[in-house]
Each structure stands twice: as structure tokens, then as C-alpha cells.
Amino acid sequence: MASPAHTFREVVYELVASIPYGRVMTYGDIASLAGHPHAARQVGGLAHFGPTELPWHRVVNRHGQCASGYHGGKAGHQAVLETEGIVVKNFQIVDFDSRRWRP
DNA sequence: CGTGTGACGCGAG
DNA sequence: CCTCGCGCCACAC
């Protein structure tokens, strides 16, 4: 196709939408799967401009902590994660390594 | 077409 | 262990 049917941002949207319930991914992993291992920053940028329908709450930083710009704040982010059955302590996901989704 | 920016990542001290 | 700073990429203006 002349124009990329799936731009970086579309790939990110698909990846985020593909995150199963109760699982989380890091911005770096999403960026890497999207084909740009160093575009983790951009993933966060797309999150802010991207559709709020997507489960952005399942996306956290490499430390497994809640993001600061989430719609509702870290507290809102943490609350949603706990709603998914994820145990969160002080904005940090407990047993993050096991909660991390690995395709 | 050039500049600035960010819901980040990683190395070094 | 913690803190600091730079780099990095695509998107918005």
C-alpha cells in the first residue's frame, strides 16, 4: 500500500487493545513491539491524544508504577488496576513481573 | 519544512 | 539504595 495502513500509533492502539484483562505492559515493550524500541516516550504521548476507550490503565512504566498523566491521576489509575484484580501498593503493582503480559 | 514536546528508558555518580 | 541528566522517536503546531 502506498501509505502505511498501520502507522506507529495504530500499532500501539492495537497492542493496547490486545492487552488481556488483568495484565499490564510497559511503554517500552509496546514501543518495541510496534517496531520502535526507543519510542517509549511517544507511546505515552499517544496515550494522551489517543482514544480513552482503550485500556491505557493496563499500560505502566518499566517499574510497574502508575502514570502521572492518566485521566484521573495515579489514584484513579491504581483504582482501575485493582478493579482488574491487580494488586497495587503505593502506585506500584505488586508481583509486577507476573502481571506483565508477554506475547 | 523546522521546532518543540512528552502518561519514558537507561546509564552514571 | 537514591538522584540527576541525556537521549530518543513520532506527533502536533
Side-chain angles (χ1 to χ4, degrees):
Chain A
M1 304 36 142
S3 60
H6 289 68
T7 59
F8 177 79
R9 121 176 146 173
E10 283 205 42
V11 176
V12 172
Y13 292 156
E14 292 297 309
L15 287 169
V16 176
S18 304
I19 301 175
Y21 180 94
R23 296 290 180 206
V24 293
M25 284 189 75
T26 68
Y27 294 96
D29 283 354
I30 294 171
S32 183
L33 292 172
H36 295 267
H38 290 281
R41 300 184 59 140
Q42 190 56 13
V43 177
L46 295 174
H48 187 74
F49 278 86
T52 54
E53 308 182 295
L54 293 176
W56 296 110
H57 56 264
R58 293 180 187 152
V59 184
V60 296
N61 63 19
R62 70 173 176 98
H63 296 290
Q65 297 178 305
C66 304
S68 48
Y70 181 78
H71 184 71
K74 293 182 185 176
H77 193 171
Q78 176 175 329
V80 178
L81 289 172
E82 293 188 302
T83 303
E84 304 237 333
I86 300 172
V87 182
V88 186
K89 182 71 172 184
N90 191 18
F91 307 113
Q92 181 178 320
I93 297 174
V94 179
D95 198 2
F96 172 58
D97 186 65
S98 298
R99 289 292 184 179
R100 198 173 173 185
W101 177 53
R102 307 185 184 182

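Note that these values count all heavy atoms, side chains included, but never hydrogens, waters or copies made by symmetry. Keep in mind it's a predicted model, so treat the numbers as computed, not measured. Quick note on labels: first sequence line is chain A, next is B, and so on, each numbered from 1.
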Looking at residues 26-37 of chain A, who's got a heavy atom less than 4.0 Å off DNA chain B?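 Close to the strand are Tyr27(A), Gly28(A).
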On a heavy-atom basis, which atom in [X] and which in [Y] lie closest, and how many Å separate them?
X	Y	result
Leu46(A)	Trp56(A)	O-CZ2, 4.2 Å
Leu15(A)	Trp101(A)	O-CZ3, 4.3 Å
Gly76(A)	Tyr70(A)	C-CE2, 4.1 Å
Gly50(A)	Tyr13(A)	CA-OH, 3.3 Å
Arg58(A)	Leu81(A)	CA-CD2, 4.4 Å
Ala17(A)	Pro55(A)	CA-CD, 4.1 Å

Review item, nucleotides 11-13 of chain C N/O atoms under 3.5 Å of protein N/O:
| unit_1 | atom_1 | unit_2 | atom_2 | d |
| --- | --- | --- | --- | --- |
| dC11(C) | O4' | Gln42(A) | NE2 | 2.7 |

To the nearest 0.5 Å, what is the distance between CZ on Arg23(A) and CE on Met25(A)?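 Answer rounded to 0.5 Å: 12.0 Å.
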Could you state the interatomic distance from CD1 (Ile19(A)) to CZ (Arg100(A)), rounded to the nearest 0.5 Å?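 Separation between the atoms: 11.5 Å.
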For Gly44(A) and for Arg62(A), find the nucleotide of DNA chain B with the closest heavy atom, then tell me which residue's nucleotide is more 5'. Gly44(A)
Please classify the nucleic acid contact of Ala40(A) as base, sugar-phosphate, or nothing, using heavy-atom distances under 4.0 Å.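 Sugar-phosphate contact only.
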Asp95(A)/Lys89(A) ion pair, N-O < 4.0 Å: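 A salt bridge is absent here (no side-chain N lies under 4.0 Å from a carboxylate O).
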Interface limits on DNA chain B, where chain A has a heavy atom under 4.0 Å of a nucleotide atom: dG6(B) to dC10(B)
Which of parallel (below 30°), tilted (30 to 60°) and perpendicular (above 60°) describes His57(A) and His77(A)?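 Judged by the thresholds at 30° and 60°, the geometry between His57(A) and His77(A) is perpendicular.
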